[in-house]
Amino acid sequence: MAQQEDVFKKLVAHCKEYGFVFPSSEIYDGLGAVYDYGQNGVELKNNIKKYWWDAMVKLNDNVVGIDSSIFMHPTIWKASGHVDAFNDPLIDNKDSKKRYRADVLIEEQLAKYDDKVEKEITKAKKKFGDTFDENKFRETNPNVLREQSKRDALLTRFAKALNDNNLEELRQIILDEGIVCPISGTTNWTEVRQFNLMFTTEMGSTADGAMKIYLRPETAQGIFVNFLNVQKTGRMKVPFGIAQIGKAFRNEIVARQFIFRMREFEQMEMQFFVRPGEEMQWFDYWKSFRLKWHKALGMGDENYQFHDHDKLAHYANAATDIEFRMPFGFKEVEGIHSRTDFDLSQHAKYSGKKIEYFDPELNKSYTPYVIETSIGVDRMFLSILAGAYKEEELEGGETRVVLRLPAVLAPVKLAVLPLIKKDGLPEKAREVMNTMKLEFNCQYDEKDSIGKRYRRQDAIGTPFCVTIDHQTLQDNTVTVRYRDTMEQERVSIDALHTMISKQVTGAELFNKLLQ
RNA sequence: GCGGUAAUAACUCAGUGGUAGAGCGUCAGCUUCCCAAGCUGAAAGUCGCGGGUUCGAAUCCCGUUUACCGCUCCA
């Protein structure tokens with residue numbers, strides 16, 4: 001475990017050292033759980049997004065893409081359940097370090113008063129037997145009346161505090177009632193804090209006319225609210241899918257583990273609309289397709305696993321995660337959910353619009369069911385880097401650090417290197433570079449020994465190094481040096497383009513997906 | 001959010017009250033016909049930030065920010 005954490009630390013350092021990921025706002029001491037992508041990181045990230053987009057939109061004729069805005073009408077988040085589901089007032093006990101929902105603590109206190117009343121009644125029942133009149137007892141017994149009035153007073157005060165969203169009052173209630181932590185038994189409480197999942201901002205240029213709106217916490221809702229637009233204008237027939245890549249924002253209570261859990265992150269989501277009753281077969285279809293997509297990259301099949309959810313979200317009737325073996329254990333990279341008709345029905349209800357699909361085969365209208373595939377770009381990025389990062393022992397006791405990135409994702413596809421910096425080799429190298437750069441992201445390097453340059457390229461995961469030597473000037477051939485094996489092959493410059501193109505474009509991977 | 005630990009050059013770290021250092025990397029040059037070779041030279045640090053103690057603080061104290069670990073929370 002210690003060794004794994006060590007690898008993770010080195011990976012984070014490597015990300016910074018080689019321009020993949022920088023802490024945000026670093027020269028101002030940073031900003032918590034926000035990161036920037038550097039010159040190599042942005043290339044890798046863009047390649048991941050393209051691999052996903054092409055696999056979903058290009059390969060599946062019944063999947064189309066959209067790009068909806070980050071700002072959306074605030075009612076959308078009412079409908080989706082985000083406004084109500086993630087607004088709990090929380091309080092910590094300083095002695096036990098346990099966290100509780102403040103409203104639950106108070107509700108438990110209310111229940112205690114109820115218990116006391118019930119006990120009095122049970123006692124009295126035994127005492128009076130058949131002649132017992134419960135209603136009269138409730139109205140007259142001093143003990144019951146006392147507990148009951150305490151309870152009513154508490155309920156009134158509690159309801160008002162909740163209604164006013166008065167967090168100080170909630171804390172004061174807990175103190176006044178002498179509510180103790182069940183573990184430490186103390187009343188040493190922190191302030192009550194509200195944890196909002198969503199970021200808010202204001203739309204409107206004048207303060208008084210401004211409307212409070214949210215930064216979207218998921219891209220999915222942008223798809224649901226455009227369901228009718230896309231279905232009608234694209235003449236889409238169920239089953240069909242809508243894909244989207246975009247930023248989302250969440251105030252995580254604990255944001256940790258580098259770019260694994262960030263406050264600003266990017267999602268690649270597809271919502272696939274199906275006939276009610278057919279959702280499980282499509283759930284299985286996408287489960288299998290998505291796993292193939294991951295495995296096609298060749299990072300090792302044993303590094304992936306499904307993790308089925310036991311506890312389902314309020315909208316789902318089946319859910320599974322695709323997990324990747326990170327240095328800190330198997331972690332969720334992608335979620336596949338059967339979301340039922342929850343979202344479309346909610347939006348129909350809140351918007352007052354009819355959101356249904358007329359199915360000509362069945363000759364009836366229905367609200368489609370939804371299968372969602374949702375993958376975090378940043379998590380994918382981290383899993384690829386974690387799987388690719390290797391410190392290798394070479395013969396002679398040397399080590400090298402290499403990123404064994406899938407060629408299709410590598411930020412730089414090839415480096416063009418004159419073997420030495422004279423005899424016209426740099427000029428020839430520039431010539432080769434100028435034709436290759438039309439198609440591939442290339443790097444030219446003539447500084448330092450050839451070995452050093454190879455290692456520099458290894459460190460950023462460049463799959464091919466093309467070296468121009470004296471023979472090149474004679475017969476127009478170059479050596480291609482492969483990152484993973486460090487072996488070299490002599491090829492003619494004319495053949496270079498085809499050879500590299502075959503390995504860095506997605507076509508071969510996509511063939512695997514369609515089999 | 002609580003507790004613990006940490007923060008010194010792009011990276012990894014040494015320096016524990018008295019002149020800010022090393023390795024690696026970077027840059028310039030020489031050398032070099034294929035795997036971090038060698039030689040010469042150079043640049044690069046608000047010692048995380050703010051306050052305090054002291055003749056004097058990277059070093060001691062307080063606060064704060066950021067990160068890591070544990071707990072907690074989590075569609």
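Order of the sequence lines fixes the chain letters, A, B, ..., with proteins taken first and strands second; residue numbering starts at 1 for each chain.
B/rU46 is unpaired under the Watson-Crick or G-U wobble criterion, no partner having all donor-acceptor distances under 3.5 Å. Across all strands shown, B/rU5 forms a Watson-Crick or G-U wobble pair, both distances under 3.5 Å, with B/rA67. In this structure, B/rU53 makes no Watson-Crick or G-U wobble pair, since no nucleotide meets both defining distances under 3.5 angstrom. Across the strands present, B/rC24 finds no partner; the criterion is a Watson-Crick or G-U wobble pair with both atom distances under 3.5 angstrom. Taking a pair to require two hydrogen-bonding distances under 3.5 Å in either a Watson-Crick or a G-U wobble arrangement, B/rC39 pairs with B/rG29. Taking a pair to require two hydrogen-bonding distances under 3.5 Å in either a Watson-Crick or a G-U wobble arrangement, B/rU59 remains unpaired.
Rounded to an integer number of Å, the gap from A/Asp343 CG to B/rA75 C1' is 11 Å. Going from atom CE of A/Met198 over to atom P of B/rC74 covers 17 Å, rounded to whole Å. Between A/Arg171 atom CZ and B/rG1 atom P the separation is 16 Å, expressed in whole Å. When the C1' atom of B/rA67 is taken as reference, atom CZ of A/Phe22 falls 17 Å away, rounded to whole Å. A/His309 places its NE2 atom 12 Å from the C1' atom of B/rC74, with the value rounded to the nearest Å.
Comparing B/rC74, B/rA75, B/rA28 by their closest approach to the side chain of A/His82 singles out B/rA75.
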Review point. Once each nucleotide of nucleotides 33-46 of chain B is scored for protein heavy atoms under 4.0 Å, what B/S/- sequence comes out, 5' to 3'?
Key: BBBBS---------
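The aromatic rings of A/Trp77 and A/His82 stand perpendicular to each other, their planes meeting at an angle above 60°, with 30° marking the opposite boundary. Ring pair A/His294/A/Tyr304 is tilted by interplanar angle, where 30° to 60° counts as tilted. Using cut-offs of 30° and 60° on the angle between ring planes, the pair A/Phe289 and A/Trp286 is perpendicular. Using the six-membered ring where Trp is involved, A/Phe272 and A/Trp282 have ring planes that are tilted, between 30° and 60° apart.
Qualifying side chain to side chain donor-acceptor pair (under 3.5 Å) partners for A/Tyr389, counting only residues two or more places apart in sequence or in other chains: A/Glu391. Applying the side chain to side chain contact (heavy atoms under 4.5 Å, CB included) test to A/Glu489 and every residue at least two apart in sequence or in another chain returns A/Tyr482, A/Val491. Every residue two or more places apart in sequence or in another chain was checked for a ring pair (Phe, Tyr, Trp, His ring centres under 6.0 Å) with A/Phe224, and none qualifies.
Near RNA chain B, meaning a heavy atom under 4.0 Å away, the residues from residues 212-226 of chain A are A/Pro217, A/Glu218.
A/Ser338 and A/Asn317 share a side-chain donor-acceptor pair at under 3.5 Å. Counted by atom type alone, A/Glu218 and A/Gln267 present zero donor-acceptor pairs between their side chains at under 3.5 Å.
A/Arg490 has a carboxylate O that lies under 4.0 Å from a charged side-chain N of A/Asp469, or vice versa, which qualifies the two as a salt bridge.
One C1' atom belongs to B/rU59, the other to B/rG52, and the distance between them is 15 Å to the nearest Å. Between B/rU46 and B/rA6, the two P atoms lie 24 Å apart (nearest whole Å).
Residues A/Thr479 and A/Leu419 are not in side-chain contact: their nearest non-hydrogen atoms beyond the backbone lie 4.5 Å or more apart.
Comparing A/Tyr35 and A/Gln267, the nucleotide of RNA chain B nearest to each residue sits closer to the 5' end for A/Tyr35.
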Could you go over nucleotides 9-13 of chain B and give all protein N or O partners under 3.5 Å, atom names and distances?
residue, atom, partner, partner atom, Å
B/rA10, O3', A/Lys16, NZ, 3.1
B/rA10, O2', A/Glu17, OE1, 3.2
B/rA10, N3, A/Glu17, OE1, 3.4
B/rA10, N3, A/Glu17, OE2, 3.4
B/rC11, OP1, A/Lys16, NZ, 2.4
B/rC11, O4', A/Glu17, OE1, 2.7

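At a threshold of 4.0 angstrom between heavy atoms, the contacts of A/Tyr28 with the nucleic acid are absent.
Contact annotation: side chain of A/Arg339 to base of B/rA75, donor-acceptor pair absent below 3.5 Å.
Screening A/Gln244, A/Glu372, A/Arg339 for a side-chain hydrogen bond (donor to acceptor under 3.5 Å, both in side chains) with A/Gln271, the sole residue that qualifies is A/Glu372.
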